[in-house]
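Note that ligands are numbered from 1 as they come in the structure, with each ligand's atoms numbered from 1 the same way. All residue numbers in this chain count up from 1 along the given sequence.
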Amino acid sequence: MIRSESMSEGAFLRCIRPACLHTYGVEEARYDCAACGSLLDVVYDWERTPAPGRLSFFAERWGTRHEPLDFSGVWRFRELLPFAPPDKLVTIGEGQTLLQNVDPRRVDLPLAAGNLHFQYEGMNPSGSFKDNGMTAAFTMARVLGRHRVGCASTGNTSASLALYASLAQTQSGRAMQAIVFVGAGKIAYGKLSQALDYGALTLQIDGDFDACLTRIREASDRLDLYLMNSVNPFRLEGQKTIMYRVLEGLGWEPPDWIICPGGNLGNSSAFGKAFAELKELGLIPRMPRLAIVNAAGANTLCDLVSRKGLTWNGGEWDQSIVDAYYDAMTREDRKAKTIASAIEINRPVNLPKALRALHAMNGVVRDVTDDEILDEKARIGRNGYGCEPASAASLAGLRKLVAEGVVSASDRVVCVLTGHQLKDADVTVGYHTDRYPGEARTCASQPPRPFANRPVQVADDLDAICAAIENADA
Ligand SMILES: *Cc1c(COP(=O)(O)O)cnc(C)c1O
Ligand SMILES: [Zn+2]
C-alpha cells in the first residue's frame, strides 16, 4: 500500500493483543486484526511526534481560541492524538464542555464538599459525547477520501454522524452520503429526529442494535462504506479528550474515580487509553480508578467481570467464558432491555479494550436498575444539569459504590453525563406523570416515584389557579 504524503508518519494501527501486536498503516482503514481478529488501537511513535512536556501547555490555547483548532475541545489537544495533519482536521467546535462542581448534599451523597463533579457532555453540538469521536472519525474519512459513511446506532451515534456529514458536505462542497442503521422501534425520538433533520439515509432494520451492527459491518465490506461505530479506533482517539478536559478542570490533578455508563464500551476504553498514555508520557503521576455502570437489563460486562471473573489477563482474556455467555444468550433468546436505550446492548464490541481499561485503572463494574436510573436522572435534573437516562447510570453507580464503601467520602469523583436531557423527553415526562415512560399505561404496580414533579390540572379560572399555586407553596 502506498502511503499518502500527507499521512502522519508517527501513527499506525496495532492489534491490542500483546501476543500478536500486528501493525497496519492508518490508511488501511481496518477495524480488526487480519492475523487474529482482535480489535485495533491507534498507536503513536512519540519520538517522531513528541507530546508537550506538561499538560498545562494545552490551557494556553484558550488565548488563541479564535483559531478553529484551538477552539475545539478535541483538537486543542491534537498533539495527544496526532494521526492526521492539522490541515485535514474536521471540526465544528465540539467538546466545549467543562467540568462542573456539584454540592454532594444536593444529590444526597455523603462525599466531602468539593469532591463531586459532573463532566457534562450533553453540551456538545449534537447533544452527546459522541461528537468527540465523530470529529476524529470524519477527519480520518477526509484523509482517506471516503464519501460514504455509516453507523449502526441506538440513536446518538446516528445523530452525531448525520450532523458531521451534513456539515462536511457544506464545508467541502463534495457530496457525502450518510447512512444510519437503527433498530426498529428502539430509538428515542429526540435522536431519530436529528438523523432525519440532518438528512441522513435512515434505515430502520427489523432487529436490535446488535443485529444492526452485524449488518452494517457486512454492508461496509460490500459497499465501500466507511464504518463509524466505536469499532473504528479513530472514534476512541477523539473520546480520549473528554478525560483531558476533566484533568484540566482539576488543575491537571487526576481525580480518584471516573464513573461512566457502559454500552458498547467505547468511552470506557478510550478513557483507559487516555490515562495509560498520559502515564507512559510522564504527564500524570497516577491513574484514577474507573467504574463502568451497566443497566441491570443490559449487564453483559457486569455479569462477565463481576460474576464470572473475566479479566484482561495480560491480553489473554478467556474468550471461552465470553463465547459460552453469548451462546447461552442466543439459546435462551435473552435480549437486552432497559429504559436507558443508549446502553441497551447485548454484545459490547469493545469488550476486550474495556477489560484492559479496568485492569489499567484498577476498575470495577456495577449494574443498576431502571428505577435507580430514573430516580438519579430526576435528581440530576433538580440540580440544574439534566441528562438522558443512560447518563444517570453513572450517579446511580456512584451511590451504590458509596453504600458499599468502595468509594469513600474523601475521594474525588467525576461522573460523566453522556447525553442531553432533551434526547428522550418521553422518559422524562413519563417519570413525572407516573406512567411507564414511553407507554400510555399508568404504573400502578410501581412505587410512587420519589422525585416526580406532577403537572397540576386546573380549571381555566383565576381563583382555582391562585389556589393551586398557594397550595403548592404550602
Ligand atoms: C453511546 C452512549 C453511551 C454508551 O457509551 P459506550 O461508549 O457505547 O459505552 C452512554 N450514554 C449515552 C448518552 C450514549 O449516547
Ligand atoms: Zn492480532
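At a cut-off of 2.8 Å, His22 is not counted among the residues with an N, O or S atom near the Zn ion (ligand 2).
Taking the centre and axis of the six-membered ring of Tyr326, the NZ or CZ atom of Arg347 falls inside the cone set by 45° and 6.0 Å. For Arg146 and Tyr226, the positive end is not near the middle of the six-membered ring at less than 6.0 Å and at most 45° from its axis.
Within ligand 1, counting atoms from 1 as listed, the ones closer than 4.0 Å to a heavy atom of Gly419 are 13 (C). Atoms of ligand 1 lying under 4.0 Å from at least one heavy atom of Gly262, given by number and element, are 9 (O). Close contacts between ligand 1 and Ala390 involve ligand atoms 11 (N) [criterion: under 4.0 Å to a heavy atom].
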**Q.** Pair Ser268-Leu290, side-chain contact (heavy atoms from CB on, under 4.5 Å): steps then yes or no
**A.** CA-CA 8 Å; Ser268 39; Leu290 175 68; 4.2 Å; yes

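At under 3.5 Å, a nitrogen or oxygen of Gly266, whether backbone or side chain, sits near a nitrogen or oxygen of ligand 1. When only interatomic distances are considered, the shortest N/O to N/O separation between Gly263 and ligand 1 falls below 3.5 Å. Distances between N or O atoms of Asn156 and those of ligand 1 include at least one value under 3.5 Å.
Here the options are Val414, Leu398, Asn101, Asp411, the test is side chain to side chain contact (heavy atoms under 4.5 Å, CB included), and the partner is Leu116; only Leu398 passes. Partner Ile339 forms a side chain to side chain contact (heavy atoms under 4.5 Å, CB included) with one of Asp424, Thr369, Asp426, Asp370 and no other, that one being Asp370. Each of Lys240, Glu237, Arg235, Glu121 was checked for a side-chain hydrogen bond (donor to acceptor under 3.5 Å, both in side chains) with Asn132, and the lone residue meeting it is Glu121.
No part of Thr154 comes within 4.0 Å of ligand 1, judged by heavy-atom distances. Contact annotation: for Glu388 versus ligand 1, heavy atoms closer than 4.0 Å belong to the side chain alone. Under 4.0 Å from ligand 1, the heavy atoms of Lys130 that appear belong solely to its side chain.
Using a 4.5 Å heavy-atom threshold, the side chains of Lys353 and Leu265 count as separate. Side-chain contact between Phe71 and Gln96 is present, with heavy atoms from C-beta onward closer than 4.5 Å.
Annotation: atom 11 (N) of ligand 1 to nearest protein heavy atom, Thr418 OG1, 2.8 Å. For atom 5 (O) of ligand 1, the nearest protein heavy atom (residue, atom name, distance) is Phe129 CZ, 3.5 Å. What sits closest to atom 8 (O) of ligand 1 on the protein, heavy atoms only, is Asn264 N, 2.8 Å. The protein atom (non-hydrogen) at minimum distance from atom 7 (O) of ligand 1 is Asn267 N, 2.8 Å.
Residues Phe58 and Tyr244 place their aromatic rings such that the two centres sit no closer than 6.0 Å.
The angle Cys36:SG - the Zn ion (ligand 2) - Cys20:SG amounts to 120°, with values rounded to 10 degrees.
In this structure, Asp32 contributes its side chain and Ser38 its backbone to no donor-acceptor pair below 3.5 Å.
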